Structure formats: structure tokens, C-alpha cells
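Input: a single structure, listed below in C-alpha cells.
Quick caveat: nothing in here was measured; it's all calculated off a predicted structure. Note that these values count all heavy atoms, side chains included, but never hydrogens, waters or copies made by symmetry.
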Amino acid sequence: MAKKRRERRETDGLSSAQEEVKANANDSPALKEAHHTAVGSARMSLLILLSIFTCSASVMYLVYRNFPELSDDEMEKIKIPKDMDDAKALGTVLSKYKDTYYTQVLVAYFATYVFLQTFAIPGSIFLSILSGYLYPFPLALFLVCLCSGLGASFCYMLSYLVGRPMVYKYLTERALKWSQQVDKHRDHLINYIIFLRITPFLPNWFINITSPVINVPLGVFFIGTFLGVAPPSFVAINAGTTLYKLTTAGEAVSWNSLAVLGVLAVLSILPVCFQKKLQQKLE
């Protein structure tokens with residue numbers, strides 16, 4: 001039976017290195033189950049993903065069609081910020097219309113942030129900084145956390161729908177390693193996800209697209225993301241209050257803010273450590 005399995009993998013054109021990773025992946029129940037239930041090729045998945053992206057981009061177009069009439073110079077500044085100069089230019093335009101067209105500006109900000117998070121497009125860090133410039137701190141923090149949670153959850157659902165073949169093709173080894181870590185923390189996944197969102201150990205896009213493949217529950221994923229992005233967002237929003245003094249996004253992070261993030265990351269896993277020690281004493 002092992003020989004047949006090996007021959008089947010060889011006919012699929014897998015390299016020997018990939019065969020070894022996939023053989024080890026069978027040790028993880030989550031990856032094994034996901035591997036057998038995944039259907040369709042990576043090409044078909046990309047086609048479906050492109051269709052969903054096109055529909056989402058059309059919705060974004062309708063959102064901006066409802067935006068107030070802008071001058072040609074202002075229209076040039078309405079774009080996804082790639083650097084701090086773009087963020088400052090965008091902030092100038094949005095702040096001008098924010099009070100008169102409050103709902104339109106808020107909806108446009110919300111839709112753009114969720115769109116970027118859903119499709120893992122860079123630029124959301126500048127929107128987080130921008131929120132501190134446009135809105136009161138409590139509203140800005142809630143808005144960023146909600147957008148991050150929803151966008152990451154939509155990315156999760158996209159991966160659940162069409163991303164599995166691509167994860168198995170391009171991220172098999174990394175997904176296997178993270179699956180093993182998740183299996184160790186099944187009893188306290190929320191704390192683990194909060195810890196990962198605060199710290200830079202794993203890229204957010206990787207967490208988003210691999211979580212459904214290794215059977216992280218969507219509810220736990222959303223709550224962990226919503227709470228976990230709050231500390232980094234706190235730093236970005238606070239920096240946004242002095243937007244025009246910043247020249248790069250890196251200036252939003254100071255040694256003090258890094259220390260605070262480190263303390264919060266430790267606090268997120270302390271309940272888990274105490275629980276384990278309590279169980280050991282009881283046993």
C-alpha cells in the first residue's frame with residue numbers, strides 16, 4: 001500500500017523533497033483531513049479568486065462613485081497609500097470632507113481597509129496611522145480592530161474556499177510546522193492567536209490563509225485577531241495624531257512602544273502558563 005501511495009505521488013510530478021514533507025504531514029490529523037478533502041487545481045483556484053477579486057473591486061468602485069465631487073488635484077491623492085507621503089496627501093483630502101460627508105468618508109475608509117486585508121494587499125498600516133489623524137482615539141481603535149478582524153476573516157473564508165490547493169503546492173512545509181504548533185495549543189487557541197498577532201513571528205497573510213487548512217475555528221480566529229491587533233494598532237493610531245511629523249511608517253514605532261508590545265505579548269500567554277502549572281500540580 002505504501003508502494004502504491006509512493007507511485008501515485010510520483011505520477012503527480014512531486015519532487016522527492018515534497019514527498020517527504022507530505023509524508024510527514026500525514027502525522028497531523030488536520031492537514032491529512034484537509035489534504036484528502038481539497039479538490040480542484042491551483043489554476044482553477046486562481047481563476048475563482050480572480051473572479052471574486054473582480055467583484056470586490058467593482059463594489060469598491062461603487063463606494064467611491066458615491067464619494068463627494070473632487071477636484072483633479074484631489075482625485076490624484078485618492079489612492080491606496082504606498083508610503084507616508086501618500087498617507088499625508090490622502091489625510092489632507094479626507095479631513096477636508098470628513099465633517100460634511102462623514103458617512104461617505106467612513107464607509108470608504110472601512111471598505112478600503114477590509115478590501116486590503118481580505119486580499120493581503122499592502123497599505124493597511126498607513127490606514128491605521130491615518131485613522132488616528134481622522135477620528136477620536138476610541139473610534140479609531142475600534143474601527144481598525146473591526147476592519148482587521150473582518151478582513152482577516154474574509155481572507156480565511158477565501159482560503160477555505162479556493163486556497164487549499166495553493167497552500168499544499170507552495171506552503172506545505174510551513175503549513176505543516178504551524179499545524180504542529182496549533183495542535184499543541186488547541187485548548188487555548190485564542191491566547192495563541194492573540195500572541196501571534198502582537199508579535200512578528202508569523203506574517204499576518206500566512207496566518208490568514210493557512211488557518212482554515214489546519215482547522216482553526218473561524219469564531220476563535222476572528223476573536224483572536226480582533227483582540228490581537230489592538231496593541232499594534234494602538235501604537236499606529238497614536239502616531240497618527242502627529243501624522244505630518246512622520247516621514248516613514250517606521251517612525252510610528254519607538255522603543256517604548258516595542259517594550260509595551262512585548263509586555264502585552266507575555267501577558268497574553270500568562271494564563272496558559274498558569275493553567276498548565278495548575279494542571280501539573282493537580283496531577
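Hydrophobic cluster membership is shared by F126 and V105, with clusters built from Ile, Leu, Val, Met, Phe, Trp and Tyr side chains linked at under 4.5 angstrom. Y101 and L62 are members of different hydrophobic clusters when ILVMFWY side chains are connected at heavy-atom separations under 4.5 Å. Under the 4.5 Å side-chain heavy-atom criterion for Ile, Leu, Val, Met, Phe, Trp and Tyr, V93 and Y109 are members of the same hydrophobic cluster. By the criterion of side-chain heavy atoms lying less than 4.5 angstrom apart, applied directly or through intervening Ile, Leu, Val, Met, Phe, Trp or Tyr residues, L50 is not grouped with I52; the two fall into different hydrophobic clusters. The hydrophobic cluster containing F137 does not contain V229, counting ILVMFWY residues as joined when their side-chain heavy atoms lie under 4.5 angstrom apart, directly or transitively.
Between Y192 and Q181 there is a side-chain heavy-atom pair separated by less than 4.5 Å. In this structure, the side chains of I193 and I223 stay at 4.5 Å or more apart for every pair of heavy atoms. Between N208 and S159 the shortest side-chain heavy-atom distance does not fall below 4.5 Å. Contact annotation: the side chain of I237 never approaches that of I129 to less than 4.5 Å [non-hydrogen atoms, C-beta and beyond]. Side-chain contact between D183 and R186 is present, with at least one heavy-atom pair separated by less than 4.5 Å. Residues Y160 and S211 form no side-chain contact, since every pair of their non-hydrogen atoms from C-beta on lies 4.5 Å or further apart. You'll find the side chain of F221 stays beyond 4.5 Å of the side chain of F226, heavy atoms only. Residues T225 and S153 form no side-chain contact, since every pair of their non-hydrogen atoms from C-beta on lies 4.5 Å or further apart.
Around CZ of F206, the count of heavy atoms belonging to other residues, nucleotides or ligands within 6.0 Å exceeds 12. The local environment of CZ in F119 is crowded, with over 12 non-hydrogen atoms from other residues, nucleotides or ligands closer than 6.0 Å.
Side chains of S131 and Y113: a donor-acceptor N/O pair is absent below 3.5 angstrom, by distance only. Using modelled atom types, one finds a donor on one side chain and an acceptor on the other under 3.5 Å when comparing E74 with Y97.
Atom-to-atom distance recorded for L146:CG and L141:CG is 11.0 Å, nearest 0.5 angstrom. I125 CD1 to L130 CG: the interatomic distance, rounded to the nearest 0.5 Å, is 11.5 Å. Going from atom OH of Y135 over to atom CG of L143 covers 7.0 Å, rounded to the nearest 0.5 Å. Interatomic distance, SG of C145 versus CG of L150, reported as 11.0 Å (0.5 Å rounding). Rounded to the nearest 0.5 angstrom, M60 CE and T112 OG1 are separated by 3.5 Å. Distance check, rounded to the nearest 0.5 Å: CG of N204 to CG of L196 gives 9.0 Å.
Summarising the geometry of D86 relative to D83, their closest heavy-atom pair is N-OD1, 2.9 Å, with the distance given to 0.1 Å. Here the shortest heavy-atom pairing between G123 and L116 reads C-CD1, 3.9 Å. In terms of heavy atoms, R197 sits closest to G224 at CG-O, 4.1 Å. Of all heavy-atom pairs spanning C155 and I209, the tightest one is SG-CG2, 3.8 Å. Across I198 and G228, no two heavy atoms sit closer than the pair CG1-O, 3.4 Å. Minimum interatomic distance between G91 and L134 (heavy atoms only, all atoms of both residues): O-CD2, 4.2 Å.
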Next item on the list: Verify side-chain contact (heavy atoms from CB on, under 4.5 Å) between H188 and N191, making sure each step is shown before the conclusion.
Entry: CA-CA 6 Å; H188 39 79; N191 297 82; 3.9 Å; yes

Check: Going through the checks in order, is the side-chain contact (heavy atoms from CB on, under 4.5 Å) test met by L218 and M157?
Finding: CA-CA 8 Å; L218 179 58; M157 289 186 280; 4.3 Å; yes

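Aromatic rings from F115 and F110 are positioned such that their centres are separated by 6.0 Å or more. Between Y156 and F222, the ring centre distance reaches or exceeds 6.0 Å.
Residue pairs meeting the ring pair (Phe, Tyr, Trp, His ring centres under 6.0 Å) criterion with at least one member in residues 54-89: none, sequence neighbours excluded.
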